[in-house]
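Working notes, structure below.
All values below were derived from every heavy atom in this structure, side-chain atoms included, with hydrogens, water molecules and symmetry-related copies excluded. In what follows, every chain begins at residue 1, and chains take the letters A, B, ... in the order their sequences are listed. Note that the structure is predicted; figures quoted are calculated from it, not measured.
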Amino acid sequence: MPELPEVETIKRELSPQVVGQSFTGVDILDAQLVSGISVEEFRRKLTGQAIQSLERRGKYLIFELSKGDSLIIHLRMTGALLLNPKGIVRHARAIFHLSHDIQLVFSDFRRLGVLCLVEDADVVVGKLGPEPLSESFTPDILARRLAKHHIPVKAALTDQTIIAGVGNMYADEALFAARIHPLRKAHALSVDEIQTLYQSIRQVLCSAIDSKGASVATYLRPDGQLGMAQFDFKIAHRGGQPCSLCATLIERVLVRNRSSYFCPRCQPLVESSPLFPG
DNA sequence: CTTGGGACCTGGCTGC
DNA sequence: TGCAGCCAGGTCCCAA
């Protein structure tokens, strides 16, 4: 499932191959893929534009185009971008034709992914919260944003308007690393807990990028290779297995209808004691 | 406005 | 062997 580390990996591996190239055509095999405008208009506007840069914002990939437009791709659950694939790509939804006979195939077997072509990228990504790996993201910013929400901290971490790019897997990993139960209220975390959580989020994301993302389901890198970050998971998708720290069996609880895995011993569900009791 | 829950999507897996 | 139902989760939409 593409979250920040997976999308960042795709951006890094795709950029050197496609930046500077031009779209010579596009085959949309699934009209539902294109959001906002018709397939015809999408094809007409895209064709002929060169890719000036490739950026990532949260889980979105943004192709900055030569006429000022932005091609924005969200892979959702099962989307993948394959560069010059050999043979038939299963579940191909769109084929981008680039100069120098480059083909970029968008495959997405659950068809939740979205493409859009806009003049102003902020229309799509403007509401996203801060980038957790940016230098300007600080523990204080995390604290202020969490303090506004009386919701489970797990739900807060996966809310893209609070913090961008963190999804279900890495939220579980960060909460385990910080020893915080997923159902703890976001606004009720202590200063120390937020400091630890801040470091955990960044460490978990950086480590996953180093491993080229996690191939737990259908995630593939543009060259078709797998990521390796899933081998570092300590809690995500490990329900029923022993905790790596204390051997207690890992449990699963639904938070906002999403599976959350946690160690009931390492991540107890108790609110932190107030800083100044009495 | 805030919060929570369901819908969308598809295929692998489990249990009867 | 067949089949119903669960499960995966990013985001949108609706209701309380």
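Contacts of residues 164-181 of chain A with DNA chain B (heavy atom under 4.0 Å): none. For the contact set between residues 27-41 of chain A and DNA chain B, defined by any heavy atom under 4.0 Å, the members are A/Gln32. For residues 249-258 of chain A, proximity to DNA chain C is found at A/Arg252, A/Arg258, defined as any non-hydrogen atom under 4.0 angstrom from a strand atom.
At the phosphate of C/dC7, neither OP1 nor OP2 sits under 4.0 Å from any side-chain N or O atom of A/Tyr261. Distances shorter than 4.0 Å separate none of the side-chain N or O atoms of A/Lys59 from OP1 or OP2 on C/dG9. A sub-4.0 Å separation between OP1 or OP2 of C/dT11 and a side-chain N or O of A/Gln160 is present. Look at A/His237 and you'll find a side-chain N or O under 4.0 angstrom from OP1 or OP2 of C/dG9.
The local environment of CG in A/Leu254 is crowded, with over 12 non-hydrogen atoms from other residues, nucleotides or ligands closer than 6.0 Å. Open room surrounds CD on A/Glu119; 12 or fewer heavy atoms of other groups in view lie less than 6.0 Å from it. With a 6.0 Å radius and a threshold of 12 heavy atoms from other residues, nucleotides or ligands, A/Arg202 has its CZ atom above the threshold.
The CG atom of A/Leu75 sits 14 Å away from the C1' atom of C/dG9 (whole-angstrom rounding). A/Ile163 has its CD1 atom 17 Å from the C1' atom of C/dT11, to the nearest Å. The distance from atom CZ of A/Arg110 to atom P of C/dT11 is 13 Å, rounded to the nearest whole Å. For the pair A/Asp108 CG and B/dG11 P, the computed distance is 11 Å after rounding to whole Å. One interatomic measurement links the two molecules: NZ of A/Lys185 to P of B/dT3, which rounds to 9 Å at whole-angstrom precision. Rounded to whole angstrom, the span from the CG atom of A/Leu4 across to the C1' atom of C/dG9 amounts to 16 Å. Remark: C1' of B/dC9 and NE2 of A/His91 are 12 Å apart, rounded to the nearest angstrom. In this structure, the CG atom of A/Leu128 is 8 Å from the P atom of C/dT11, given to the nearest Å.
As judged by a 4.0 angstrom heavy-atom cut-off over every strand, A/Thr158 is placed among residues making no nucleic acid contact. Heavy atoms of A/Leu112 sit under 4.0 angstrom from at least one base atom.
Put simply, the side chain of A/Gln267 reaches to within 4.5 Å of the side chain of A/Ile235, judged on heavy atoms. In this structure, the side chains of A/Pro130 and A/Ile141 come closer than 4.5 Å at one or more pairs of heavy atoms. When side chains are defined from C-beta on, A/Phe262 counts as touching A/Val253, because their heavy atoms get closer than 4.5 Å. Between A/Asp172 and A/Lys154 the shortest side-chain heavy-atom distance falls below 4.5 Å. Two residues are said to be in side-chain contact when any heavy atoms from C-beta on lie closer than 4.5 Å; A/Ile180 and A/Thr196 fail this criterion. In this structure, the side chains of A/Gln103 and A/Ile95 come closer than 4.5 Å at one or more pairs of heavy atoms.
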Under 3.5 Å, which N/O atoms of the protein pair with N/O atoms of nucleotides 12-16 of chain C?
none

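A residue-by-residue look at A/Phe109 and A/Ala155 shows that A/Ala155 has its nearest nucleotide of DNA chain B further toward the 5' end. With the nearest nucleotide of DNA chain B identified for both A/Pro152 and A/Arg90, A/Pro152 has the one nearer the 5' end.
The salt bridge (charged side-chain N to carboxylate O under 4.0 Å, His left out) test with A/Arg57 singles out one residue from A/Glu131, A/Glu8, A/Glu64, and that residue is A/Glu131. When A/Leu220, A/Leu75, A/Thr9, A/Thr78 are each tested for a side-chain contact (heavy atoms from CB on, under 4.5 Å) with A/Pro2, only one passes: A/Leu75.
Electrostatic pairing of A/Glu41 and A/Lys45 counts as a salt bridge here, judged by a charged N lying under 4.0 Å from a carboxylate O. With respect to the salt-bridge test (charged N to carboxylate O, under 4.0 angstrom), the residues A/Asp30 and A/Arg111 qualify.
In this structure, the ring of A/Phe96 has its center no less than 6.0 angstrom from the ring center of A/Phe106.
In this structure, a donor-acceptor pair under 3.5 Å is absent between the side chains of A/Tyr261 and A/Gln241.
Between the axis at the start and the axis at the end of the helix from B/dT2-C/dA16 to B/dC16-C/dG2 there is an angle of 60°, using five pairs per end and rounding to 10 degrees.
Cation-pi geometry between A/Arg179 and A/Phe176 is met: under 6.0 angstrom from the ring centre, within 45 degrees of the axis.
For A/Ser259, counting side-chain heavy atoms from C-beta on, the closest listed nucleotide (C/dT11, C/dG9, B/dT10) is C/dG9.
For residues 208-236 of chain A, the salt bridge (Lys or Arg N to Asp or Glu O under 4.0 Å) pairs, not counting sequence neighbours, are A/Glu13-A/Arg221.
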